[in-house]
Structures are given as structure tokens and as C-alpha cells.
Amino acid sequence: MGPEASAKDGETDVSLLDLKHTRNIGIIAHIDAGKTTTTERVLFYTGKEHDIGEVHEGAATMDWMPQEQERGITITAAATTCAWKDPLTDQRYTINIIDTPGHVDFTAEVERSLRVLDGAVVVFDGKEGVEAQSETVWRQAHKYKVPRIAFINKMDKIGANFKKAVDSMVRRLATNPVPVQIPWGEETEFKGVIDLIQMKAITFEGDHGLQRVQHEIPSDYKEAAANARHAMIEKLADVDEEIGMLFLEERISEISDEMIRAALRKGALSFKAIPIYCGSALRDKGVQEVLNGVLWYLPSPLDIPPVDAFDPESDEPTEKQTPRKLAADPNGALACLAFKTMSEQHGDLTYLRIYSGTLKSGSSVHNPRSNKRERINRLLRMHSIKRENIDEAGAGDIVAVLGLNYTVTGDTLCSEDDILALGAITFPATVIAMSIEPKTNADREKLANALARMAKDDPTFKIKLDPETQQTVISGMGELHLDIIRDRILREFKVDAAVGQPRVAYRETVRINGDIETEGLHKKQSGGAGSYGHCKIRWSTLPEEQNDQLEFVDDTVGGSIPRQFIKSVEKGFREAAISGGLAGYPVQGLKAELYDGSYHDVDSKDFAYADAARLAYKALLEEAGTEVLEPMMKVEVRTPHEFQGSVIGDLNSRRARIESTEKDEDITIVTAIAPLSEMFGYVQAVRGLSQGRANYSMEPYRYEVCPPHIKDKIMTERGLGHRAGARR
């Protein structure tokens, strides 16, 4: 472990800091909850920035892209490093922060950020409470086991209600929020916060609220504060045994502040309790308290479980290997995960999380996926788009490297003497597509280069050539996603391109009752060197919730197919499924069990087994036919009560399933599952239905089999009407 901090105040060289005093956190939330505004205050209070950049003025430090500044939204996750002192111990901590987007179209930025972070601050709107994308980012944090604290922001907003926001966390997130503060006033009367641990009222005064001033709790808040503190201790009694004993024995006065903070930390790290703060980032109230909470309750790299590493050169698939456990040790085996790339004029910028070992500028590393050596020419500490050269970085750090040639998102970088691979990052499937063509032939190569560079940086942006029309088709997570892509092509790459209307990215699946068995035989033996591959595959349909997946299982016994050819069979199956079914869309929701086959001592080849798998797949389609899958969206509409009937009626006309309606004071929250194909232009429709007073959010839900009349329409449009039926 590294030595204790010896850097001067203001420096942020993690290599000089004890890992125990490092925090890697993300700021995550629904769009417009105030993530970037909160991050801007953090940078100001920690001394990283001398001025506060406001999102609504297009001057936020973390929103550096022109498209972000113009739209007032975060599009790409931005990283920075700052320092904060614990007010109780005066110990200086280093905080690596990633500010993430809130819009669902850029959910991949949240996904890959949470994959490498140790903790998160979840920001909620004090009026709206838990919103649709709040649930999404919460699920993502849950998926990667990221401990969280929460900040109920915008307590100065008309309609803000702290209790309602906290209750919405219980109701919609099924979690255990534990407020450590209550607001001192709400809406226009919001003055500050009441600390339930120290039992003091706190205001934030002077320029930008820099002065933290403690007061006695006002008489009209004493009863509410006492009740809230009692509720906090009662919840912590279920987390901490000592507090539980004192609580049961009614010796609450013996519970110290240190015991409460220790229990809150234990609760946060075990996901049994979520410490809740409140304030108004825009009005400079409460953000410093959240920073203290980051130090006290979120984990250091030493607090997170060891990361799993696998042998990429093993014949065993990853899921069957016993993983090697790597703790956060600067002297351990080098293990870095590339979680984000950005194409630049002078070389790619690759963001890395170092899980183990030490990475040094000028050293060489190995990429097991590409099987290439990469040189670390420039190692950088990032501050949004600004950068600082550093000589080395150790376990627990988040840095960037300029000029890697063979590394993409999800790749591992390790030592050439100790080759290992970390788990990859998974991303949701794209749901919307459109054609794109350069307006002049001279721009064709420039457009291809621009698309390739953006696809490398963004794992949810896909490019393919339509074999029927010979058009280039790009696909992404939503209309805004593709609009930003189009804007970047024009501005950054100076290519004027014509785009088609957005269209749905359909998929296909095979509906099988029970199992179907097919076989594929590739055999070419006509004198001289031949080629031979033979496989037998049992096919079945995955459960509906796995409609976006393909599964391959090796069930061969007795060496009927030599081990070295199993991966070729899987490769052939996956390539065939991606190339499409009867309607030409990629096939999903299918399970392939390789149960038998044969081999030739001399002529068996990798490509022959891949071709045999394709032949077995083709035989399946001939026998069973396919169904068309359409992307379904989870839609949440917040509308005044009087427009509820019109909104629900319109959703029903769009083939939506109404999942729930919930009354929330002056609004109704309607949750529905609707086909993406019916939701184009919905923003204008919902405004018209509600006199401009309703708003909605939408996110991908899953793929479902579309009704027969929709399938027939799709097949007819593709000139494949005669193939619409199943083959048996």
C-alpha cells in the first residue's frame, strides 16, 4: 500500500495517498435532477474550480461538448479528481468523480461508469422524487453492487416535499432510506438543513454558501428533529448490533455520534441502509454535507470485494473457470479495465480503472483480447476535457492513456508476464435505426471514417450495410442519440450527410415447443487436403425476459468433437444468428446445445465446424420459421389529473399495456409498456393532450413477439410476404 498523503493541499496525486483515503464515485440521476449542478459545486468547494459553471448558462465544466452546452444536458460521462478534508479528523481524501448523463439514450455512459466505480451519489428532484430514469440508474448500481448515498436536491423548488421524496424511494426502489438530515423549511422558505446526528441546524452563508454556520434547532422544529433522529436510530438498530441492544433497552442517550456514523457506513456498504441528505445545489445549500457523507459512508478501493480475473488462454469458457481474486494492491498483478474510449485527432484517449498493480508511463502492457502489446506513452489525470501528465498510477485509481492502438471498451490491460482478463461490460441492444449517406461521393470515405470512430467510442452505436438497399444503416438507443451522432458528423468531421427517417430495429426469434434437433455437415474431400466439420445441435427458446440474448451450451461427451473446435461451432452459430432470420433481422432468444458430432483425424478444420453450425442453424429456420420481435419501451407519463383519461386513451391506441396509475398530489403517474414503433413523435402528442402540462420519459424495456398483423405488414414492406408463416 502507498505511503500516507504528503502532497500539498490542492495537489491530487493519488500515488501519494493511502488507498483508504481514496473514493471513486459517480453522480447518477434522472435527467434534470441536478447531477451536473451538484458536481459543479463539488469542484468549487474542493478548490478544483475557482468559478461555478452553470448548466443553464452552458458553462458547466463537466459539460464540455458543444451539444451538451447548447441543450443543457449531459451526453458523455466526464471524469475529474479533487480533494476534500474530513471535518472531524482533518484527514485529506482524494475523490475521483464521474458525472454521468441522465437521459436514457446515453444509458451506456452510466453502465460503463458504474462498472468501474466503488460508490455513487444518487440525486433526486425534491418535488418529483423517484422518476423513471432514477429507477434505471438504481437498477444499474444494484447490478454492479455499488453502495450509494442519496441527495434530495431542489428543496427550494415549488412543490418540494422531503418526506414524499423519501417515501417514493421506499415505494419505487424497495430500499431502506435513512435520512441523516431533514430540511429547515421547504420551497421558498428553505433555509438550510438540520443534522440529525449532531442535532444542529446548519445554514450556508456568504459567497456561494462557503460558510457553514451551526445554530441551535429552532423551537418549531425540535419535535420533528427529535422524531426523525429516533426513526434514524430505530432503522440503524437493524444494521448494528450494539445500537440495536441500546435501542431495545431504551438507552438511546448512550448512543454516540461515532456509533451512528459507523452504523450508517456499515449499512451503506451492506446495502441495508441508504444515508439521505437534502439541499439545493443551485442555491449553494447542502453540497458540502454530501461531500462529508462520501468520505464517511462510501467505500474506499480497499472496502470493495476483490475483482474476478480469468485466464483468457484457457480452453474452459469464463463461466466454468474458478476466478482468480485480485485485491486492490499496488504491488499485485497489473489489471486495468478500459471502460471508455474517445477518438481524438492525435490518437485515442482511453479511460482506465486500475484494479491491481501499478501502471507507469513509458511501460508496455498486454491486451489479451487483441493479443497485442500496447505502450503507455502518456499517462493522464483527467479533469473533464483538461488533462495533466503523471508518471504512474496505482490500484484504485481512474486515469486515461493517450495513443493506445488496439484497445476498445471492455478490454483488459495486464502485464505480459502475467496474462489475465477481467469481466467484460455488457450493454443493451439498440432499438432504433436510420439510413445515412454522404451528400457527395467525395465525402463517402470521410463519413465511413467518422462513423467507425464514433462506433469505437460508443458501444451502443452500430453500423451495418443493408444488403437489399446497399445503404449504410446506423442504429442507437433513441432519437436523441442518433440526432447527436448526426450533429457530430457535421460539426466534428465536417461531413454533410443525408439521413432517412428513424425506424425500429426489429429482431427475430424461433418459437419452439420443446426441442428441435438439427445437424450440419461440412465435408470437402476430393483428393489432397480436405476439410471436415460435423455437429448436432439441440435448439430451444429462451424465456421471454431473455429475448435479447443468445445462449450456447457444450453438452458433448466422449470427445465426439475435439475441444479445440467447440469455440468454432459457437462462433458459427452466433455469426449466423446475427446475419438474420427469414426476415433478415438478427435472431435472438435462442439457445443452442451442442450435444454430438464427429471429426476427421486429418481434415477437421476450425472454419469447417463454423460452417457446420451455420448449416444446422439454416436447417432450424427451414423447419421452424421465425417470429418477429419488436422493441418495447417502458413509458412513464406525469400528467395533471384532469388529462389522465385522454393520456391513457391515447396510449391504448398505441398498443400500450397500462401497468399502473398512481395518484401523487396534483398529478397522476401513468406507467405503460408500449411498442417503440408507435411512440415516434409522442412528445408533441402528449403536449397536445395536456395543454403542454404533461411530461414523459421512456426507456428500453425488452423485445417481445409482435402481433401477427404487424408481422405481416413488416414482411410485406420488406418484400417477404410469402415467407411470413412458419415452416411446419
Side-chain angles (χ1 to χ4, degrees), residues 4 18-23 25 84-93 95 118-119 121 147-152 162-163 166 169 175-184 192-204 211-219 221-279 286-300 302-303:
E4 289 292 318
D18 190 329
L19 277 176
K20 189 171 75 172
H21 302 127
T22 298
R23 298 289 182 269
I25 67 165
W84 186 247
K85 279 187 178 179
D86 184 337
L88 300 176
T89 64
D90 239 18
Q91 173 65 51
R92 179 177 169 277
Y93 286 70
I95 307 176
D118 303 331
V121 177
R148 282 141 272 172
I149 64 175
F151 177 46
I152 310 294
F162 180 72
K163 182 181 184 304
V166 173
M169 293 181 65
T175 191
N176 183 29
V178 181
V180 297
Q181 301 173 338
I182 59 173
W184 181 0
V193 301
I194 295 173
D195 187 321
L196 301 178
I197 301 176
Q198 293 184 314
M199 289 302 280
K200 295 287 184 182
I202 302 165
T203 56
F204 306 89
Q211 294 172 255
R212 181 186 187 273
V213 182
Q214 284 193 177
H215 312 263
E216 292 302 315
I217 297 175
S219 57
Y221 274 85
K222 283 190 174 177
E223 183 180 353
N227 291 339
R229 177 182 168 87
H230 188 274
M232 173 182 72
I233 292 172
E234 185 176 7
K235 286 189 173 186
L236 293 179
D238 295 329
V239 173
D240 183 89
E241 193 174 322
E242 187 178 3
I243 288 180
M245 192 66 69
L246 292 172
F247 182 80
L248 288 173
E249 295 173 1
E250 297 185 355
R251 295 157 57 197
I252 291 179
S253 61
E254 297 177 33
I255 299 174
S256 67
D257 294 357
E258 290 74 18
M259 291 169 64
I260 292 174
R261 290 193 185 95
L264 284 163
R265 180 174 181 80
K266 185 188 294 185
L269 297 188
S270 63
F271 310 101
K272 292 179 180 178
I274 308 294
I276 308 295
Y277 288 84
C278 61
V287 175
Q288 298 99 311
E289 305 300 297
V290 178
L291 274 168
N292 294 336
V294 167
L295 309 190
W296 296 338
Y297 309 130
L298 291 182
S300 75
L302 297 175
D303 295 317

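Just the heavy atoms: all of them, side chains too, but no hydrogens, waters or symmetry mates, feed the values below. Computed from a prediction, not measured in an experiment: that's the story for all the values here.
- In terms of heavy-atom proximity, Cys278 sits nearest to Phe162 at CB-CE1, 3.6 Å.
- Environment of CD in Gln214: crowded, with over 12 heavy atoms of neighbouring residues, nucleotides or ligands closer than 6.0 Å.
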*Show your reasoning for whether side-chain contact (heavy atoms from CB on, under 4.5 Å) applies to Ile255 and Ile260.*
CA-CA 7 Å; Ile255 299 174; Ile260 292 174; 3.7 Å; yes
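- Checking each of Asp86, Thr89, Leu88 against Leu295 for a side chain to side chain contact (heavy atoms under 4.5 Å, CB included) leaves exactly one that passes, namely Asp86.
- In this structure, CD1 in Ile217 is found 9.5 Å from CH2 in Trp184, a value given to the nearest 0.5 Å.
- Aromatic ring centroids of Tyr221 and His215 lie 6.0 Å or more apart.
- To the nearest 0.5 Å, atom CG of residue Leu248 and atom CE of residue Met245 are 7.0 Å apart.
- Between the side chain of Arg212 and the backbone N or O of Thr203, no donor-acceptor pair lies under 3.5 Å.
- Remark: the backbone N or O of Ile274 is not paired with any side-chain donor or acceptor of Arg148 at under 3.5 angstrom.
- One N or O on the side chain of Asn176 and one on the backbone of Lys272 form a donor-acceptor pair closer than 3.5 Å.
- Looking at every heavy atom in both residues, Asp240 comes nearest to Ala263 through CB-CB, 3.7 Å.
- Counted within 6.0 Å of CD on Glu254, heavy atoms from surrounding residues, nucleotides or ligands total more than 12; the atom is thus considered enclosed.
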Should His21 and Gln91 be marked as a side-chain contact (heavy atoms from CB on, under 4.5 Å) after you check the CA-CA gap, both sets of side-chain angles, and the distance that decides it? CA-CA 8 Å; His21 302 127; Gln91 173 65 51; 3.4 Å; yes
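- In this structure, Pro147 and Phe271 approach most closely via the heavy-atom pair N-CE2, 3.5 Å.
- The distance from atom OG1 of Thr22 to atom CG of Asp118, rounded to the nearest 0.5 Å, is 9.5 Å.
- In this structure, Arg23 does not pair ionically with Asp303, as no charged nitrogen and carboxylate oxygen lie closer than 4.0 Å.
- One distance of note links CD of Gln198 with CD1 of Ile202; it measures 6.5 Å at 0.5 Å rounding.
- Nearest heavy-atom pair, Ile149 versus Gly293, reported as atom, atom and distance to 0.1 Å: CD1-C, 3.9 Å.
- More than 12 heavy atoms of other shown residues, nucleotides or ligands fall within 6.0 angstrom of atom CE in Met199.
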Exercise for review: Take Val166 and Ile276 through the side-chain contact (heavy atoms from CB on, under 4.5 Å) test and state the conclusion after the steps.
Suggested key: CA-CA 8 Å; Val166 173; Ile276 308 295; 4.3 Å; yes
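- With rounding to the nearest 0.5 Å, the separation of CD1 in Ile182 from CZ in Arg229 is 12.5 Å.
- Counting all heavy atoms, side chain and backbone alike, Pro87 lies closest to Trp296 at CG-CZ2, 4.0 Å.
- Here the side chain of Gln181 pairs no donor or acceptor atom with the backbone of Asp195 at under 3.5 angstrom.
- For Glu250, the side-chain contact (heavy atoms from CB on, under 4.5 Å) criterion is met by no residue, not counting sequence neighbours.
- Minimum interatomic distance between Phe204 and Gln288 (heavy atoms only, all atoms of both residues): CD2-OE1, 3.7 Å.
- Residues Ile252 and Leu246 have side chains not in contact (no heavy-atom distance under 4.5 Å, counting atoms from C-beta outward).
- The CH2 atom of Trp84 lies 5.5 Å from the CG atom of Leu291; values are rounded to the nearest 0.5 Å.
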Chi angles and distances behind the side-chain contact (heavy atoms from CB on, under 4.5 Å) call for Ile194, Lys200: CA-CA 6 Å; Ile194 295 173; Lys200 295 287 184 182; over 6 Å; no
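- The closest donor-acceptor contact from the side chain of Lys235 to the backbone of His230 lies at 3.5 Å or more, if one exists at all.
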